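Below is one structure, written out as structure tokens, with a few remarks after it.
Since we're looking at a predicted model, the values are computed, not measured. Ligands are counted one by one from 1 in listed order, and the atoms in each one are counted from 1 as well.
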Amino acid sequence: MAEAGQSTVAGTNEPLVRFEHVQKTYDGEILVVKDLNLNIERGEFITLLGPSGSGKTTTLMMLAGFESATHGDIVLNGQSLKTVPPHKRDIGMVFQNYALFPHMTVSENLAFPLQARRMPKAQQKEKIQRALDMVELGAFGTRRPGQLSGGQQQRVALARALVFEPQLVLMDEPLGALDKNLREQMQLEIKHIHENLGVTVVYVTHDQSEALTMSNRIAVFDDGVIQQLATPSELYEQPENAFVAAFIGENNRLLGTVKAANGGMCEVDLDSGEHVRALPIRIDGVGSRTTLSLRPESVTIDPTDQQCDNVFDAKVEELIYLGDHTRVRANVCGHDDFVIKVPRTTGAPSLAEGNTIRIGWRSEDCRALDAAS
Ligand code: ADP
Ligand code: MG
């Protein structure tokens, strides 16, 4: 456990970490992290997800202590980290490029953080074995990193971050160098290790499916700002702005102007001329511009009036058979990149390239968001 303030906060509801109005600039001009406020709860797996350059690594480095905040404070266990050096923060770290010591054996790599903490030799041995068993490399202690595959090396890096039983583990795109199958396997392994150990994990990735697979909560970053902080299902089903809707999963975007708002719904005139009913989430009122966001699986083919209160013609441009569903690209409301996902169980004889079909969606599934492009 950390020396940091544990006596005052152990057993309370104090989050493990609090970012308080944290800002960061490297050049004295551009803020790459802007007024970040974020609580990290004990035991959770939280992911910072966002495009390259959005400030994820900078945020992680400030928490680890390798970068300092330009403004604001980071609090760990109720104690400000301003004067706490990295090695006193009780934080394990894993990076994309493993950063193992090539001249040391696997066991020696794992011993390193334990020696730094002056743990007795006998105890070290036991901890190392347990950590290696955890990542299923129990028999590899005497190998050198160069004698291991990429996936095995990344497991060693994971074991080294966990071996001293830190309260908090930070991972920055740790699976980025691995191929798809191995990456997906490691995602589940890390998730299970987290569940078994109960350690708090802050994970960085730009890969939305990785974030959805692993996280309890996801903070979506763009341009140094958290755009939304929510569970995976909330992010997918209830995106709060156009950026999140576009970044998480697939969505159809229709641009228009709000014509009326009443009874919890709004009426939008699309730029292409059609009229759509939608659920107002983030609009500035009548007359404001809006982006309508609609998931491809929320679209019904040949709907009845009861099913859908928005019904339009769609010209089928392209059909892609994907086994469990068919992906339809269609021209809808002047957009020829409108996507519809049709489940395998839905029989739709009219579905053929070149045909014009009727499609529809419920206004509740069509979210009126900000106009940001
Ligand atoms: P992410 O991890 O989301 O890709 P980063 O935190 O690495 O984003 O970078 C955020 C912004 O800060 C980028 O514009 C990047 O170029 C800049 N940046 C990152 N590290 C440094 C540094 N050491 N010096 C100057 N600028 C940096
Ligand atoms: Mg990064």
Among all the protein's non-hydrogen atoms, which is closest to [atom], and how far away is it?
atom: atom 3 (O) of ligand 1; answer: Lys56 NZ, 2.8 Å
atom: atom 11 (C) of ligand 1; answer: Val32 CG1, 3.5 Å
atom: atom 6 (O) of ligand 1; answer: Thr58 OG1, 2.5 Å
atom: atom 26 (N) of ligand 1; answer: Tyr26 CD1, 3.3 Å
atom: atom 4 (O) of ligand 1; answer: Gly53 N, 2.6 Å

Purely on distance, is any nitrogen or oxygen of Gly55 under 3.5 Å from one on ligand 1?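 Looking only at distances, the answer is yes, because the N/O contact criterion of under 3.5 Å is met.
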Have a look at Met134 and tell me which of Leu197, Leu158, Asn196 forms a side chain to side chain contact (heavy atoms under 4.5 Å, CB included) with it. Leu197
Scan Ile46, Val202, Thr59 and name whichever one has a side chain to side chain contact (heavy atoms under 4.5 Å, CB included) with Leu38.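 That would be Ile46.
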Kindly state if atom 19 (C) of ligand 1 has a protein heavy atom within a strict 4.0 Å cut-off, that is, under 4.0 Å?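 Yes, there is a protein heavy atom closer to it than 4.0 Å.
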Quick one: does atom 8 (O) of ligand 1 have a protein heavy atom under 4.0 Å from it? yes
Polar protein atoms near the Mg ion (ligand 2) [N, O or S; cut-off under 2.8 Å]: Thr57 OG1
Evaluate the criterion side-chain contact (heavy atoms from CB on, under 4.5 Å) for residue pair Val316 and Arg329; output intermediate values, then yes/no. CA-CA 6 Å; Val316 178; Arg329 186 171 63 78; over 6 Å; no
Do Gln129 and Lys127 make a side-chain contact, defined as non-hydrogen atoms from C-beta onward lying under 4.5 Å apart?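 Not touching, per the 4.5 Å side-chain cut-off.
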With the side chain counted from C-beta on, respond yes when Ile40 and Pro15 share a heavy-atom pair under 4.5 Å apart, and no when they do not. no
Which atoms from ligand 1 have a heavy atom of Pro51 less than 4.0 Å away?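 Result: 3 (O).
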Which atoms of ligand 1 are found less than 4.0 Å from any heavy atom of Ser54?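 Heavy-atom distances to Ser54 below 4.0 Å select 1 (P), 3 (O), 8 (O).
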Structural part of Thr57 in contact with ligand 1, heavy atom criterion under 4.0 angstrom: both
Determine the interplanar angle of the Phe45 and Tyr203 rings, folded into 0 to 90°, and report it as parallel if under 30°, tilted if 30 to 60°, perpendicular if over 60°.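 Judged by the thresholds at 30° and 60°, the geometry between Phe45 and Tyr203 is tilted.
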Would you compute the distance between atom OG1 of Thr83 and atom NZ of Lys88 and round it to the nearest 0.5 angstrom?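 It is 10.0 Å, given to the nearest 0.5 Å.
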Tell me whether Arg295 contacts the main-chain N or O of Ala245 through its side chain, where contact means a donor paired with an acceptor under 3.5 Å.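 At least one qualifying donor-acceptor pair exists.
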Under 3.5 Å, is there a donor-acceptor pair linking the side chains of Arg18 and Asn77? no
If you measure only the distance, is there a donor-acceptor pair under 3.5 Å linking the side chains of Arg144 and Thr105? no
Joint hydrophobic cluster, Leu254 plus Ile359, side-chain heavy atoms closer than 4.5 Å: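 Yes; Ile359 is reachable from Leu254 via cluster members.
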